[in-house]
Protein chains: 2
Amino acid sequence: MKFDNHTLILLRRSPLFRALEPSQFNALVDTARLYTLNEGELLFRQGDPLNEVFVNIKGFVKLFRLTPNGDEKVVDIIVPGSSFAEAVLFMGGRQYPVHAVALKPATVVGINAVQYEQMLRSSVDVCFGMMGLMSRRMHWLLNEVDRLTLHNATFRLVIWLLEARCSDPTCNRIALDVPKHVVASRLSIKPETFSRILKRLANHQLISVNDQHIDLLDVAMLEEMIRVEL
Amino acid sequence: MKFDNHTLILLRRSPLFRALEPSQFNALVDTARLYTLNEGELLFRQGDPLNEVFVNIKGFVKLFRLTPNGDEKVVDIIVPGSSFAEAVLFMGGRQYPVHAVALKPATVVGINAVQYEQMLRSSVDVCFGMMGLMSRRMHWLLNEVDRLTLHNATFRLVIWLLEARCSDPTCNRIALDVPKHVVASRLSIKPETFSRILKRLANHQLISVNDQHIDLLDVAMLEEMIRVEL
DNA sequence: GGCCTTAGTTGATCTGGGTCAAGGTGCTCA
DNA sequence: TGAGCACCTTGACCCAGATCAACTAAGGCC
């Protein structure tokens, strides 16, 4: 077996593959490549021609853009189980629109793009899975635009706190598995400002922060903050 | 004939319909509805359940979001020939993610969503057309995020100037068919600032502004501005 | 004609968040 | 074990763009 069981389960669960026949799934997995990335290692560069679509298995991958003068904006942080770069398949030019590097040692599966496109061509159901995925991503991007323009830094940070806590809703802890400055960039906040806002929230007894995690002490109040617009 | 020839041509050219068989196209058009909107009239509200996908025929439609306290962000200005709300089809919930109102007296065709989905189910080619469209929209949204976070107001305005001029590349005139404050909101700039930046560019002999249009006097210089980061 | 109302401009002033600078703290690697 | 480095924090200051306010100009409409 090319991949371990855990990897196969994550792949099978991905919205990319959910609608595939087992035989199709196996065919894709057969030609898939496993990438083992060191911390900071580049997976692809913005502008590179696309020939694979990726699913993250372990670690974190940051997708980001750069200005000519080196400023960086982290567009997304990819967690295990999530796919990325799928939507690029359908764009003229087929170039990755962002850079991708591993934030921690990471393992990522690369799916052959041409072959995946053939699978899509073979089944409307698979297409619908893809369209659902793309639609959710668009909605997410729209929310990003909304938050960047209509809301301030504190608001964005609080939203992130509420959305990032471990899926279990009784759990009010956010693990800081990626450096704070990366989260800051994801939220379009400078590290200094990020640090100050966290401190202010902690002073108000809303959260408590340490090196490994952030605890939400007063979820109701945090939710109120974003409801009434800070 | 339900729609005039001009309308049918615009519909047929839309990426939504390009891959449809003539019979499918006709079936959709048969059940489509024509909306004649007055200036300021609402087409749909954010949160409304989706039952139609739209193609703008005449006039301009603004898509926007509101904060609880009434601040508005114009997400997009839809020009004749463009479709909107297609991607919502594939989202759980199926609610419009933005408000839509006419900026001028406008005519818009509403396509039955359920019926359109059936057409998609019947043909992978039509699905690929849709995925191409969605992919382009996502890329556009990603660029929006990029511009909002990595670039300043002047940069965004200049980009808009260069992209908004009449498709003819020898034409260096931008028609101001929508109020300036709407364009400003589209660019996430306040009207006062928008006005000041235009004035500054005009003082530098880069553009000239009057009530109906903006002329680009020095395209090369404007392009240089966005290349070297203002 | 007179009178709202809406859009736009311009000036004066304010401020959220960025920038710059100076430590602190812990990791890695020799 | 300590030099080097990356990350984070904190303070002082700054600035692009927002806000506030006053004014002009151009419709629509009785």
Side-chain angles (χ1 to χ4, degrees), chain A residues 38-40 60 62 67 69-74 101-105 147-158 160 176-203 207-214 225 229-230, chain B residues 38-40 60 62 67 69-74 77 101-105 147-158 160 174 176-203 207-214 225 229-230:
Chain A
N38 296 318
E39 181 166 338
F60 297 89
K62 79 170 172 184
T67 51
N69 23 313
D71 291 339
E72 171 179 315
K73 158 66 182 168
V74 174
V101 313
L103 281 174
K104 307 240 156 191
R147 287 167 190 178
L148 287 169
T149 54
L150 294 172
H151 303 301
N152 62 23
T154 303
F155 186 104
R156 295 202 297 276
L157 199 158
V158 171
W160 173 78
L176 290 170
D177 342 80
V178 303
K180 283 206 185 87
H181 71 270
V182 175
V183 176
S185 172
R186 174 55 257 287
L187 298 173
S188 302
I189 301 173
K190 297 285 149 179
E192 294 94 328
T193 305
F194 186 81
S195 173
R196 283 187 247 266
I197 295 175
L198 278 186
K199 195 182 182 192
R200 195 155 48 76
L201 294 175
N203 285 343
I207 62 174
S208 77
V209 185
N210 70 37
D211 281 345
Q212 282 80 45
H213 45 72
I214 300 174
M225 281 178 72
E229 191 65 27
L230 174 99
Chain B
N38 296 318
E39 180 167 340
F60 297 89
K62 79 169 171 184
T67 52
N69 22 312
D71 292 339
E72 172 179 314
K73 160 65 181 166
V74 174
I77 299 167
V101 311
L103 280 174
K104 307 243 158 188
R147 288 168 188 179
L148 287 169
T149 53
L150 293 172
H151 304 300
N152 63 24
T154 303
F155 187 103
R156 294 202 298 277
L157 199 157
V158 171
W160 173 77
I174 291 140
L176 289 170
D177 341 78
V178 301
K180 283 206 186 88
H181 72 270
V182 175
V183 176
S185 173
R186 176 52 259 286
L187 298 173
S188 302
I189 302 173
K190 298 285 151 183
E192 295 94 326
T193 306
F194 186 80
S195 173
R196 284 187 246 266
I197 294 174
L198 278 186
K199 194 183 181 190
R200 195 157 46 76
L201 293 175
N203 285 342
I207 62 174
S208 76
V209 185
N210 70 36
D211 280 345
Q212 282 81 45
H213 46 73
I214 301 173
M225 281 178 71
E229 191 65 28
L230 174 98

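Protein chains get the first letters and strands the later ones, always in sequence-line order, with residue 1 at the start of each.
- Atom pair B:L176:CG and C:dT9:P shows a separation of 9 Å (rounding to whole Å applied).
- Between the CG atom of A:N210 and the P atom of C:dG26 there is a distance of 12 Å, given to the nearest Å.
- Residues B:V101 and B:K62 are in side-chain contact: their nearest non-hydrogen atoms beyond the backbone lie under 4.5 Å apart.
- A donor-acceptor pair shorter than 3.5 Å can be found between the side chains of A:S188 and A:K73.
- Applying the 4.0 Å criterion to OP1 and OP2 of D:dC8, one finds that A:S195 has every side-chain N and O outside that range.
- When the nucleotides C:dT9, D:dA16, C:dA21 are ranked by their closest atom to the side chain of B:K180, C:dT9 comes out on top.
- Residue A:R196 places its side chain closer to D:dA12 than to any other of D:dA12, C:dT10, D:dC7.
- Between A:L198 atom CG and D:dT10 atom C1' the separation is 14 Å, expressed in whole Å.
- For D:dA6, the OP1/OP2 oxygens have no side-chain nitrogen or oxygen of A:H181 closer than 4.0 Å.
- A straight line from CG of B:L148 to C1' of D:dG17 spans 14 Å, rounded to a whole angstrom.
- A:D71 has its side chain within reach of A:N69: a pair of non-hydrogen atoms, C-beta onward, lies under 4.5 Å apart.
- As rounded to whole Å, 6 Å separates atom P of C:dG17 from atom CD1 of A:I197.
- Of all nucleotides listed (D:dA21, C:dC20, C:dA7), D:dA21 comes nearest to the side chain of B:E192.
- Using a 3.5 Å distance cut-off with no hydrogens or angles, the side chains of B:T154 and B:R200 do pair a donor with an acceptor.
- Residue A:F194 is the one, among A:D211 and A:F194, whose nearest nucleotide of DNA chain C lies closer to the 5' end (criterion: closest heavy atom).
- Remark: P of C:dA7 and CD of B:Q212 are 17 Å apart, rounded to the nearest angstrom.
- Rounded to whole Å, atom C1' of C:dG16 lies 14 Å from atom NZ of A:K190.
- Note on B:P179: only backbone sugar-phosphate atoms sit closer than 4.0 angstrom, heavy atoms only; bases stay farther off.
- For the atom pair CH2 (A:W160) and CZ (A:F194), the distance works out to 5.0 Å, reported to the nearest 0.5 Å.
- Taking the side chain of B:I189 as heavy atoms from C-beta on, and the options C:dT10, C:dG16, D:dA18, the nearest nucleotide is D:dA18.
- Taking atom CG of B:N152 as the reference point, atom C1' of D:dG17 lies 10 Å away to the nearest angstrom.
- Set against D:dG17, C:dA12, C:dT9, the side chain of B:A153 has D:dG17 as its closest nucleotide.
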